[in-house]
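Residue numbering restarts at 1 for every chain, and letters A, B, ... go by the order of the sequence lines.
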Amino acid sequence: MLSRGGGRARPARGGGFELYSWYFFRISGLVLIFMAIFHVVVMHVVNTVDEIDFAFVADRWNSPFWRVYDMLLLFFAMLHGVNGARVSIDDYVHRAGWRIVAYSALWLITVLFLVIGAMAIVTFDPNAFDTVTAGS
Amino acid sequence: MQVNLKILRYNPEIDSKAHFETYTVEAEPTDRVLDALNEVKWTRDGTLTYRRSCAHGVCGSDAMRINGRNALACKLLIQDVGDSMTIEPLMGFRVIKDLVIDMDQFWENYKKIKPFLINDDQAPAGRERLQSQEEREVFDDTTKCIMCAACTTACPITWTNDKWVGPAAIVAAHRFIYDSRDQGQDERLNILNDRSGVWRCRTVFNCTDACPRDIKVTRAIEQVKRTMLYDNM
Amino acid sequence: MLNIYRGREGMISWALHRLTGLGVLLFLLIHIADIYVINYGPEAFDELLFIYHNPFFRAMEVLLVAALYYHGLNGLRIIAIDFWDRAVLYQRQLFWAVVIAFFVTFIPTAILMLRPVLWAN
Amino acid sequence: MYHRHDVVIVGAGGAGLMAAAQLAHVADVAVVSKLHPSRSHTGAAQGGIGAALGNVEEDHWIWHMFDTVKGGDYIVDQDAAEVLSREAIDAVLELEHMGLPFNRTPDGKIDQRRFGGHTRNFGEAAVRRACFSSDRTGHMILHTLYQQAIKQQVTFFDEFQMLDLIITDDGVCNGVVTLEIATGEIHIFHAKAVIMATGGFGRAYKVTSNAMANTGDGAAIPFRRGIPLEDMEFFQFHPTGIYKLGILLTEGARGEGGILRNANGERFMERYAPTLKDLAPRDMVSRHIWQEIREGRGIDGSDFVHLDLTHLPPGVLHEKLPDITGFVMTYLGIDPAESLVPIQPTAHYAMGGLPTDIDGRVTIDADNTVMPGLYAAGEVACVSVHGANRLGTNSLVDLVVFGRRAGKHAAEMVKTTDLEPLPPEPDFRGRAEISNLFDRKTGENPSKIRAELQADMMDKASVFRTGETLEEMRVKLAELRDRYSKVAIQDHGKIFNTDLLEALELNCLLDVSEAIVEGAIARKESRGAHMREDYPDRDDEEWLNHTLAYRTSGGIQLKKKPVVLTRFEPKERKY
Ligand SMILES: Cc1cc2nc3c(=O)[nH]c(=O)nc-3n(C[C@H](O)[C@H](O)[C@H](O)COP(=O)(O)OP(=O)(O)OC[C@H]3O[C@@H](n4cnc5c(N)ncnc54)[C@H](O)[C@@H]3O)c2cc1C
Ligand code: HEM
Ligand code: SF4
Ligand code: F3S
Ligand code: FES
């Protein structure tokens, strides 16, 4: 092989994005360990899925606390998870074409699910349906 | 004792794909795996191809995958691997022939991080640049690197992501970033802050396990990450 | 040809971490979709919830919790390694600590979750 | 393929890279090496590089020069030794400025330690002169120089093996013929100057500290083309190689306080060298180890003695000798802090080689006539600063001092010289040698010949020699040479054909072995590393001179060449 050293390295791309992404993993992870686990424990352990129905959710979302809680959880978990998926795509998808497809799909899914998730939490109005009975 | 070597062979001039070939040779338990390979080459099959030179773990030529893990053939004794072993080339780079891989990309990654002292001040005339023993100690571990590529090719990120600079290049950068005489820290940290830089490391530790010089590779990478983080925060 | 690297604890822990992370993400997406259905009223929602009662989904749910527990605990291990210089030297022990902590937390959780099935009849 | 450069350097060890550093910005230079540069054997050097910095105790270059001359048993060229010891200081500082991470003294200077044969005030006591970076000084030198070459964008041709030297009919060297290992293609490098820096040939012996690539190619190939080899009979055996394996345990281990012990646990070197004891020069220590063994005081009556490091203060092994501690643990499974280490002398260093002047120019006769265009530096060269026995740490000094001088001189030379046209078909010899090996389909396996060569050289031409054993070796070599002409290799491919390369290297080993043996037969005295039991004394009347070996059609011819004496008169050598 003919080798010659030292040419100027290509300038750093993306500024500090990778750094903040990495840092966000840690911060959101720490937040999630409380929020996600608490969520799972409440929803799937203390209550089991047998007890969860429309009424249960409606009751829960009567309290603004739970709406804010779920909103935060949604954003932290999604951004954390999507960031992870982004890194994985970077590692496994190489062909330029496929990369574009994969990233586009990822960002689309991200936006779409954040929007519909947020919409569900914000716009949900149990009183819009007449069968309302609160309590479990 | 009799030793069985199952070696992944590939000769681009003959083979369309790699295949295993098994050889049985006589060896002492205290012989090196390299001795067994030499025995195969010198008495059984002269076409067996691998790199080697120093035969005692200091030149970095003969890193290969022995029983599924990266090691230097000259630093691993038969008694430590047993009487049957599978030998394959390092993963992640193109195989040129048998156990010889194409290291071009590896050296490019090395060069990318500017592996040389950067200090634009006039060196003092007639004496050395001073450095305390403590300052010297900080980067001692990473000066031991022999560029064998065992770490980089053991890293799962290398296998799938060809842009990743890899642990060996970061080890080389570490050696300069923490050298009190060096002034190129910013440049090097900038280069490693890239998408292909340190953040791609997922603390898999295969590199540290593979390093024949017992360099704490992951530790070095983590130190670089922290320096970058604290500098930017 | 099977081309597998014989990694040790670090590699296993990472492979599981990535797998569980992506798994939980997938579950999260499904979960967002089903919650979205709530805006279509109780009938639609409760009907959908029915699928959660099917045994396959119950198993998946337990698996989700397992994944989340492991991922979370190992996440703590990674964070420790990232910010505490000496932790790299103990990463192997930390992995086994994660494994132990995982079983200690997951087994009771699983029992509690499956109690309707276990004690149903 | 054809390449044109001002200067081609063959070999990317310490000497080649140091020369490249001088040339990088002033000329078009290419470095050709059969190994990737960082694999060169300079990286194996452990103990240190000598320079009278006086960082830890008083020291002067002239003391260094005296030790070098005396260590070499007075057939050192003293003009060269003076250059070596004066410029060592500057060269070491230059290495530090390039970034070499030396160990440090408490006040932040380069740390220094004791090494064999280095003394204060002309032999009074051991002095701390070896500058070191743990016990991987060579590794740090090699990497630092390679890194500088990267910085300066030197052009490298990695994994290109030299096959032949191009010399015009007018006797001007203007290129080399090489084989690109990865493809099997022949490349011709056409240049105004060629610098040979291909290192040593310890692989002529069975037990050696040398790398498998150290096969003396850069000595053998010019030798075939009529250039003489100087002082080949002097081959150094290092006292402390790991038993059977030959892996080196640096003299720095004794510099830090290690002791040699025989079967009785006795520190036998006290008897032979009362002042320096275990730190006497290598030729003496190796000889006395064999003497102990012969007189039945080897461990368990066998052919090794012990290196005792168990009494060193805790921490010394880990801080100053970590690598050799690792070698002992890896290859012997014992901890040198607790157990005695079995050692035996190991073939280590070629004092002889291509004769050069103090600017690295290769000379071809007793009058120092220069061959235009050809330079040599490092272990392949014989300046001669090492005479009959090299002192520890002086080889690394040799690399940087004379590598630098050769590079500087070549840089000047190419400015005023025109490129000579290549002779017709410059690569015909190289091609013929290869096709000759490829064409023979049946014949002996060259590996067998190499094994016999190494075993017999070890028995008959190592630490002790007699006229009789050497004659036997001469006969054996003729036989091996004949068998070599009928060998067959198994690999007939073009891509990365190491089978072919090993056969080519064996040919080089045969050449240098012949020169060693012929020189040793002729030199009827004992001096430095050359110990003739049938002529146990030094004979300054007859033999205070160098030998030049020429390969001719009628076999090897020897000539004498005078030694340059300046400051120091030959005296009896006592330590
Ligand atoms: C184990 C050990 C420890 C040592 N410790 C010390 C010490 O502490 N202090 C000290 O002063 N000295 C020491 N020495 C001696 C010293 O290291 C060597 O003499 C010195 O490194 C030789 O350097 P070099 O540049 O001449 O050659 P090398 O470093 O051997 O380099 C030779 C170069 O030539 C190339 N080459 C060879 N043949 C060909 C060919 N046919 N075609 C193309 N390229 C070719 C090789 O690829 C290589 O790049 C030690 C030696 C050994 C073996
Ligand atoms: C419970 C608390 C959680 C913690 C403590 C946590 C922690 C972490 C950490 C530290 C990383 C970075 C790994 C690395 O850089 O090597 C990470 C990656 C990841 N996380 Fe989480 N996480 C948690 C929850 C979640 C959830 C809920 C999801 C899914 C939505 C998720 C999906 C992912 C994914 C996909 C990755 C990328 C994996 C990789 O790149 O290998 N995590 N997590
Ligand atoms: S860090 Fe270790 S494994 Fe990696 S190249 Fe250097 S010596 Fe080899
Ligand atoms: S194996 Fe790879 S992911 Fe990081 S810790 Fe080592 S570089
Ligand atoms: S041959 Fe040099 S490291 Fe193994």
Checklist entry - So, are D:Glu502 and B:Lys41 salt-bridged, with charged N and O less than 4.0 Å apart? => result no

Next on the checklist: I need the residue from D:Ser209, D:Pro101, D:Ser134 with the largest number of non-hydrogen atom pairs under 4.5 Å to chain B.
Outcome noted: D:Pro101

Next on the checklist: Do the side chains of D:Asp491 and B:Lys97 get close enough for a salt bridge, i.e. N-O under 4.0 angstrom?
Outcome noted: yes

Next on the checklist: In this structure, is the centre-to-centre distance between the rings of B:His56 and D:Phe327 below 6.0 Å?
Outcome noted: yes

Item to check | Side chain B:Arg52, main chain D:Met212, donor-acceptor under 3.5 Å | outcome: no

Next on the checklist: I need the residue from D:Gln147, D:Lys109, D:Arg203 with the largest number of non-hydrogen atom pairs under 4.5 Å to chain B.
Outcome noted: D:Gln147

Next on the checklist: Looking only at heavy atoms and a cut-off of under 4.5 Å, which of D:Leu245, D:Asp323, D:Asp90, D:Leu35 has the most pairs with chain B?
Outcome noted: D:Asp323

Item to check | Test item: side-chain donor near acceptor, B:Gln133 and D:Asp111, under 3.5 Å | outcome: no

Checklist entry - With sequence neighbours left out, what residues match D:His25 under ring pair (Phe, Tyr, Trp, His ring centres under 6.0 Å)? => result none

Checklist entry - Relative to chain B, which of D:Leu95, D:Thr105, D:Leu142 shows the most heavy atom pairs under 4.5 Å? => result D:Thr105

Checklist entry - Which one of B:Pro115, B:Ala123, B:Ser132, B:Gly126 has the most heavy-atom pairs closer than 4.5 Å to chain D? => result B:Pro115

Checklist entry - If you measure from the Lys or Arg side-chain nitrogens to the Asp or Glu carboxylate oxygens, is any gap between B:Arg136 and D:Glu96 under 4.0 Å? => result no

Checklist outcome for this item: Given B:Arg32, B:Met147, B:Arg51, B:Glu137, the one with more heavy-atom pairs under 4.5 angstrom with chain D than any other is B:Arg51

Checklist entry - Got B:Lys144 and D:Arg136 here, is their nearest side-chain heavy-atom distance under 4.5 Å? => result yes

Checklist entry - Charged N to carboxylate O below 4.0 Å: is that the case for D:Lys244 and B:Asp31? => result no

Checklist entry - Counting only N and O atoms by type, is there a donor-acceptor contact under 3.5 Å from the side chain of B:Glu128 to the main-chain atoms of D:Leu93? => result no

